[in-house]
Amino acid sequence: MIELLPFQIAAATTIADRYRAFASDTDRPRLRGFGVLPFFQSLQALTGAGKTPILADSIAQMRTASPIEPVVLWISKARVVVDQTLTNFQDGGKYHHLIEGFAATALRECTPRDIEDATTGILLLGTVATFNSKERGDRLIFGAREDVGEVSLWEKLVGRTSSGGDRRPLFIVYDEGHNLSEQQAELLLELRPDALILATATPKLPPRIAEIVDLLHRNGYEQEALTVRVASTDVVEAELVKAEVQLGGYVTAEEVAIHDMLTDYHTLCERVQEYALPLRPKCIYVCKTNVKDDEHRPFESRTAPPIRIWRYLVHECGIDPCEIAVYCDLKVLSSNPLPPGFVLFRGGDADYSSFTEGGYRHVIFNLSLQEGWDDPECYFAYIDKSMGSDLQVEQIIGRVLRQPGARYYPHPALNACAFYVHVDEDGVFARIMLDVQRRLAADLPAVSVISNGGARRTLRPQAPRKSLPLPRIYIDASAAAEPVDHVLSSIGSSVGEARASGRVAHARQAVGATATEGSLSWVDYGEGMPVTVQWYLRRQIERRYPSAQSVCDLNQLRFRQTVQIGSPATRHLDLVAEEVVRAYLEHVRLAVFPGLSDPIPEVVCDESQRVEFRNSLHAAYSGLNALELKCAEGLDAVGWPWMRNPSRSGFHLPLFELGGGRSFYPDFVVWTDRGIWLLDPKGDHLIQTEAGKKIVGIESPHGQGTVRVCLISSGRWDRQFRKTDTEGVTAWTLRGGMIHPEPFADYGRLLARVLGTRRATPVE
């Protein structure tokens, strides 16, 4: 079971709130021959952002705004995507708790009686192939099913009449919405859906849908009101995707690229063992499948890329054949069979389950595996772009971008993915590098792209020259339990008026009727579907600061009473959730775990930008910007041991800000005789917004050194965060519980004052 992140809840709630407003709009536009237009949303989220849980939470919230239990048609092009989603939605699945009030089943197993039974919401999952046909006669969904009813399932979905005579709302969710074709759009609109939600990273609307969107625009629904975009920075901050993409170009034999990849792979496996992590790093090899007439040759003479790569891995690199899967339509003749240890999957979707259950660590495939498959444990990819291959590197990046465990690990290599691209000439790789940089700069600007391969293999890991303790920080919420419980005590055995007052527009359109023959009526939803106080409070607290739930005991009987969305009771619960989070943030504190520390991590240095220091814990660092370089040089002159803290993998502090989930990684850590300082140079535009969040007090056990934070900004500043002079630098620290700015002429004087000076031999 997963817990939704704040940005995921925000996206889902935005969709649901917009649906409520749209469903209640008396001036909803119509289209001739269609009737009242459906609610439309485009969810634009990158790979790894969690589109499925966002959509699941959206329909769960939209359900609460419906006067009768809805039908949800959840479709995708790839069968593997549908099967995975269905498994996750059913009992025991990691998303089952997100679709409270729905019964999930395969579309092909749905019966007309399921449509008639409006005692619960129904979530039907299927591929577009279930209904996507011009002739219709070759699809079971269009045929009358005498064993379970007189009409076809398709006709039942069009009418959606419950046993009580009410028309059930229909929500259509199209995952991987960039695959939506014009024919599919025509068929789906034939169902007269109440809502249509497309989820994709790269939206492209077919003309029929574009016509509806255009009509919505002309009736006052702006584009921004029809689109929910998940910010890529939120995805990175939540540690859902890898923080760095390394690209290497190889204008040489393919074996050289694969050798480099396997060298890095074995090094990463050692890091996994060193940190005792539950990871099994994997490699993928993307290439063309067949060579003309190659299948007529004996296996040892075949030149098909998958076989060539397999032979090199097994015979030259010592990889166990049981760890290698070849997933492509490779031609094989009985007269020239594959060796017994060769594992081949060429059945496409039919083989997918067997493939995923095999736990293979080396996967050789072509583009056929891209749709619907990504593995967070995949860190390395060899891509054969020679021979004019049309394989798109930026497409394959999405297959390996997810971060395993949805958290960053202590070593930077565990938070990066690497690509080894075999090309015919340097110019090809230069274009690939530019394309990937442009794509990720637009989609994931917080993910860095580094050229590192072949002659460009300039990234080198550096072990620390000296071992010093890195304190382990945690959130101590013990003092927050009592005030939070006091807030929750305002909810007694009765929460007040639990009925919602209001009406919802109900569109009715007879099959085959014209738009003017349809009707728009209003029905009360004061007796609409209830939700428990427990469910509602958890959702509201999650939206504000998820960690606050750790001190909330919501399993008591009084939290199982039901309320209706929009009722006076839920408005009271909104205030309670705000007070819970406020009480939590006012009373939690950061503290140092007594006696626990972490080792100094390795860092990766780009040898082409190497800057050496005398007192740093690592011999050299790279990638320092102008402010960081000034600070590093000043630190080295002061004399205390220090390190440049790896971004997103080093020492960090949780931030106490609404939304939660963010961490503060200071640029530098310094060890003095009085404790540890966390230093972070900041630009002018950041100091106002960051100071209050990052300069926090950290409690240390008796006898253990203190841990303190100092932000540094250029120029002189006053207490009101106003810049009074462009000369010098300012140190921002915590004094008496207040943020205090102190100006200095330069970095040397600032660091000497904050840290104190030390005369000692350099770090060895």
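- No side-chain donor from either of Y665 and D680 sits under 3.5 Å from a side-chain acceptor of the other.
- By the 6.0 Å contact criterion, CD on E482 is open, its count of non-hydrogen atoms from other residues, nucleotides or ligands being 12 or less.
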side-chain contact (heavy atoms from CB on, under 4.5 Å) between K694 and L653, worked out
CA-CA 8 Å; K694 297 180 176 179; L653 304 175; over 6 Å; no
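- Residue R271 comes nearest to H411 through the heavy atom pair NE-NE2, 3.3 Å, listed as atom of the first residue, atom of the second, then distance.
- One distance of note links CG of L679 with CD of E628; it measures 12.0 Å at 0.5 Å rounding.
- When every heavy atom of F721 is checked against every heavy atom of I739, the shortest pair comes out as CZ-CG2, 4.5 Å.
- With salt bridges taken as basic N to acidic carboxylate O contacts below 4.0 Å, one links D17 and R20.
- Between the side chains of R544 and Q540, at least one donor N or O lies within less than 3.5 Å of an accepting N or O.
- Below 30°, between 30° and 60°, or above 60°: for W74 and F89 the angle between ring planes is above 60°, a perpendicular geometry.
- Side-chain N or O atoms of E244 include none that pairs as donor or acceptor with a backbone N or O of A413 at under 3.5 Å.
- Side chain to side chain, E742 and T733 fail the donor-acceptor criterion of an N or O pair below 3.5 Å.
- Nearest heavy atom pair, residue I676 against residue P471, reads CD1-CD, 3.4 Å.
- Residues M62 and I15 approach most closely at SD-CG2, 4.2 Å, considering heavy atoms.
- Of the possible polar contacts, none joining the E586 side chain to the A480 backbone as a donor-acceptor pair under 3.5 Å is found.
- To the nearest 0.5 Å, atoms CD1 (I473) and OG (S663) are separated by 12.0 Å.
- Distance check, rounded to the nearest 0.5 Å: CG of L627 to NZ of K682 gives 10.5 Å.
- With a 6.0 Å radius and a threshold of 12 heavy atoms from other residues, nucleotides or ligands, R753 has its CZ atom at or below the threshold.
- Under the 3.5 Å distance criterion, the side-chain polar atoms of Q41 are matched with a main-chain donor or acceptor of A225.
- Note: I712 CD1 to T730 OG1 = 10.0 Å, rounded to the nearest 0.5 Å.
- Using a 4.5 Å heavy-atom threshold, the side chains of F7 and L240 count as touching.
- The main-chain N or O of T87 is never found under 3.5 Å from a side-chain atom of K94 such that the two would form a donor-acceptor pair.
- Looking only at distances, a side-chain donor or acceptor of Y408 sits under 3.5 Å from a matching main-chain atom of V241.
- Using modelled atom types, one side-chain atom of N645 and one backbone atom of P666 make a donor-acceptor pair closer than 3.5 Å.
- The backbone N or O of T562 sits nowhere less than 3.5 Å from a side-chain atom of W535 that would complete a donor-acceptor pair.
- Ring centroid separation for the pair Y221 and F40 does not come in under the 6.0 Å cut-off.
- Between C552 and V484, the closest side-chain pair of non-hydrogen atoms falls below 4.5 Å.
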Decide yes or no on ring-ring contact (aromatic ring centres under 6.0 Å, His included) for F171 and Y19, but give the supporting numbers first.
CA-CA 11 Å; F171 306 153; Y19 172 74; 5.2 Å; yes
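- Rounding to the nearest 0.5 Å places CZ of R539 at 6.5 Å from CD1 of I9.
- Side-chain contact between Y584 and I475 is present, with at least one heavy-atom pair separated by less than 4.5 Å.
- Closest non-hydrogen pair, I600 versus M643, comes out as CG2-SD, 4.0 Å.
- Considering only heavy atoms from C-beta on, R708 stays 4.5 Å or farther from L734 through its side chain.
- The two residues L755 and T672 have their closest heavy-atom pair at O-CG2, 4.0 Å.
- In this structure a side-chain-to-backbone donor-acceptor pair under 3.5 Å is present from E377 to R280.
- Under the 3.5 Å distance criterion, with hydrogens and angles disregarded, a donor-acceptor pair is assigned to the side chains of S713 and W732.
- Looking only at side-chain heavy atoms (C-beta outward), V669 and L678 come within less than 4.5 Å of each other.
- For the pair K723 (side chain) and R716 (backbone), a donor-acceptor distance under 3.5 Å is absent.
- In this structure, K242 contributes its side chain and V400 its backbone to a donor-acceptor pair below 3.5 Å.
- Put simply, the side chain of P601 reaches to within 4.5 Å of the side chain of L470, judged on heavy atoms.
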Could you go step by step and tell me if R644 and F668 meet the side-chain contact (heavy atoms from CB on, under 4.5 Å) rule?
CA-CA 5 Å; R644 201 269 179 101; F668 300 98; 3.8 Å; yes
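- Within a 6.0 Å radius of NE2 in H486, other residues, nucleotides and ligands contribute 12 heavy atoms or fewer.
- Proximity of the aromatic rings of Y275 and Y409 is defined here by a centroid distance below 6.0 angstrom, and this criterion is not met.
- Between the side chains of Q534 and N555, at least one donor N or O lies within less than 3.5 Å of an accepting N or O.
- Annotation: side chain of V551 is not in contact with side chain of D485 (no heavy-atom distance under 4.5 Å).
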Would S42 and L226 satisfy side-chain contact (heavy atoms from CB on, under 4.5 Å), going step by step from the backbone distance to the final call?
CA-CA 6 Å; S42 170; L226 304 180; over 6 Å; no
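- Looking at heavy atoms from C-beta onward, W640 lies in side-chain contact with D673 at the 4.5 angstrom threshold.
- With no hydrogens or angles considered, a side-chain donor-acceptor pair links D57 and Q61 at under 3.5 Å.
- Atoms OG1 and CH2, on T706 and W677 in that order, are 7.5 Å from each other to the nearest 0.5 Å.
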Could you go through C631 and D667, starting from their C-alpha distance and side-chain angles, then the distance that decides it, and tell me whether this counts as side-chain contact (heavy atoms from CB on, under 4.5 Å)?
CA-CA 10 Å; C631 189; D667 285 333; over 6 Å; no
